[in-house]
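Here's the structure, in structure tokens; my notes come after.
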Amino acid sequence: MPPKHCFLGFLICFFPTGVIETQSAHESLKPQRVHFQSRNFHNVLHWQPGRACTSNSSIYFVQYKTYGQRQWKNKENCWGILEFFCDLTNETSDIQEPYYGRVRTTSAGIHSGWTMTRRFTPWWETRIDPPVMNMAQVNGSLLVILHAPDLPYRDQKGKNVSIEDYYELVYRVFIINNSLEKEQKVYEGAGRVVEIGALAPGSSYCVVAEIYQPILGRRSQRSKERCVELP
């Protein structure tokens, strides 16, 4: 890529062809692709550097607000940072409220304009991890115990809040017979303890599970396989 040289107030780029391209540094420094990423209600703002004239000395400033509010609030832990992300989980804890975030850059004494996210509502947009799965052999059967992913919130007693407090969840469990290389769904429902019977002695099996959210028509990724060999 041809070299670029930056001057205070404007970005002036000299190319080998002799062409001079001039842009307002105020605009060229604006952060790009500012958006929320949310997993299990851990809500993190991400962005990319501006189009040009950024360096390792560029710093970023983050603000947020709830939809309908006029006043933006500074995120103190993300005020003058070098990173390209900012954790706003605590500031967006009312999961059915819509929020906005915005970011600006300062580099070599030049301040960019703000770049704002689209409207973000955690309840609609968070992605749920697969269930945590434990498994044991009991009298020739497999006992599968499922746990929903942990959330960053606690109730008044200090206990972790469950994802099941916010959504109806359906658990799906699949078993793979490794000898036949055949997969079969053995359970779909709200229960978190699943017994899988009618298994062939001396065979090897793997089990995976996922979570389905009916109201959103969305499913998690599958859990890691847990495998056993029956005696």
Side-chain angles (χ1 to χ4, degrees), residues 33 35-48 84-90 92-93 95-96 98-99 117-155 159-231:
R33 300 182 182 178
H35 65 284
F36 280 95
Q37 291 182 9
S38 179
R39 290 181 60 187
N40 307 320
F41 297 123
H42 291 269
N43 306 322
V44 181
L45 191 67
H46 291 260
W47 60 88
Q48 294 183 4
F84 300 147
F85 62 89
C86 174
D87 191 337
L88 291 174
T89 298
N90 292 334
T92 53
S93 60
I95 64 169
Q96 293 188 335
Y99 298 93
T117 64
R118 63 177 179 82
R119 190 184 305 180
F120 165 71
T121 305
W123 189 87
W124 283 104
E125 299 183 53
T126 200
R127 295 288 174 172
I128 303 302
D129 281 342
V132 177
M133 185 175 61
N134 294 316
M135 194 164 61
Q137 298 183 43
V138 179
N139 298 325
S141 298
L142 292 179
L143 192 65
V144 179
I145 303 172
L146 304 167
H147 301 276
D150 289 333
L151 302 185
Y153 311 130
R154 296 180 181 272
D155 61 21
K159 295 183 179 180
N160 286 333
V161 176
S162 171
I163 195 77
E164 294 173 326
D165 294 333
Y166 298 107
Y167 302 103
E168 174 193 356
L169 299 182
V170 173
Y171 295 93
R172 294 170 173 168
V173 179
F174 304 82
I175 190 166
I176 301 108
N177 185 324
N178 293 321
S179 301
L180 302 176
E181 296 184 352
K182 182 180 179 181
E183 178 182 288
Q184 178 185 359
K185 182 166 69 174
V186 292
Y187 178 76
E188 179 168 341
R192 291 184 292 169
V193 179
V194 180
E195 184 174 357
I196 307 174
L199 302 176
S203 296
S204 173
Y205 293 93
C206 292
V207 178
V208 295
E210 67 184 23
I211 293 174
Y212 178 66
Q213 299 166 271
I215 195 169
L216 299 178
R218 185 185 299 164
R219 66 180 182 180
S220 72
Q221 294 183 335
R222 288 188 169 188
S223 64
K224 293 183 178 179
E225 291 184 355
R226 297 289 300 272
C227 300
V228 296
E229 186 167 347
L230 298 182

Taking the side chain as every heavy atom from C-beta outward, state whether [X] and [Y] have any pair of such atoms under 4.5 Å apart.
X      : Y      : value
Arg218 : Arg127 : yes
Tyr153 : Ile95  : yes
Ser38  : Thr92  : no
Asp155 : Asp165 : no
Asn177 : Tyr205 : yes
Asn40  : Ile128 : yes
Ile211 : Tyr171 : yes
Thr126 : Tyr167 : yes

Nearest-0.5 Å distance, [atom1] of residue [X] to [atom2] of residue [Y]:
X      : Y      : atom1 : atom2 : value
Leu199 : Leu230 : CG    : CG    : 5.5 Å
Glu168 : Leu216 : CD    : CG    : 11.0 Å
Leu45  : Thr117 : CG    : OG1   : 6.5 Å
Glu210 : Arg219 : CD    : CZ    : 5.0 Å
Tyr166 : Ile215 : OH    : CD1   : 15.0 Å
Glu225 : Met133 : CD    : CE    : 8.5 Å

Over 12 non-hydrogen atoms of neighbours within 6.0 angstrom of NZ in Lys185: yes
Count the heavy atoms of every other residue, nucleotide or ligand shown that sit under 6.0 Å from CD of Glu183, and state whether that count exceeds 12. yes
Chi angles and distances behind the side-chain contact (heavy atoms from CB on, under 4.5 Å) call for Phe85, Gln37: CA-CA 10 Å; Phe85 62 89; Gln37 291 182 9; over 6 Å; no
Under the disulfide bond (SG atoms under 2.5 Å apart) rule, what pairs show up with a residue in residues 181-231, not counting sequence neighbours?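 Passing the test, one end in residues 181-231: Cys206-Cys227.
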Run Val173 and Leu146 through side-chain contact (heavy atoms from CB on, under 4.5 Å) and show every step you take. CA-CA 9 Å; Val173 179; Leu146 304 167; 3.9 Å; yes
Sub-3.5 Å donor-acceptor pair from the side chain of Ser223 to the main-chain atoms of Pro130, do we have one? no
Within 45 degrees of the ring normal and closer than 6.0 Å to the centroid, is that where the cationic atom of Arg172 sits relative to Tyr212? yes
Shortest non-hydrogen contact from [X] toward [Y]:
X      : Y      : answer
Ser204 : Asn178 : OG-ND2, 2.8 Å
Leu169 : Gln213 : CD2-CG, 4.0 Å
Asn43  : Thr89  : N-OG1, 3.0 Å
Pro149 : Asp129 : CG-O, 3.7 Å

Look at the aromatic rings of Tyr99 and Phe120 and report parallel, tilted or perpendicular, splitting at 30° and 60°. tilted
Does Cys86 form a side-chain contact (heavy atoms from CB on, under 4.5 Å) with Trp47? I'd like the steps, not just the answer. CA-CA 9 Å; Cys86 174; Trp47 60 88; 4.0 Å; yes
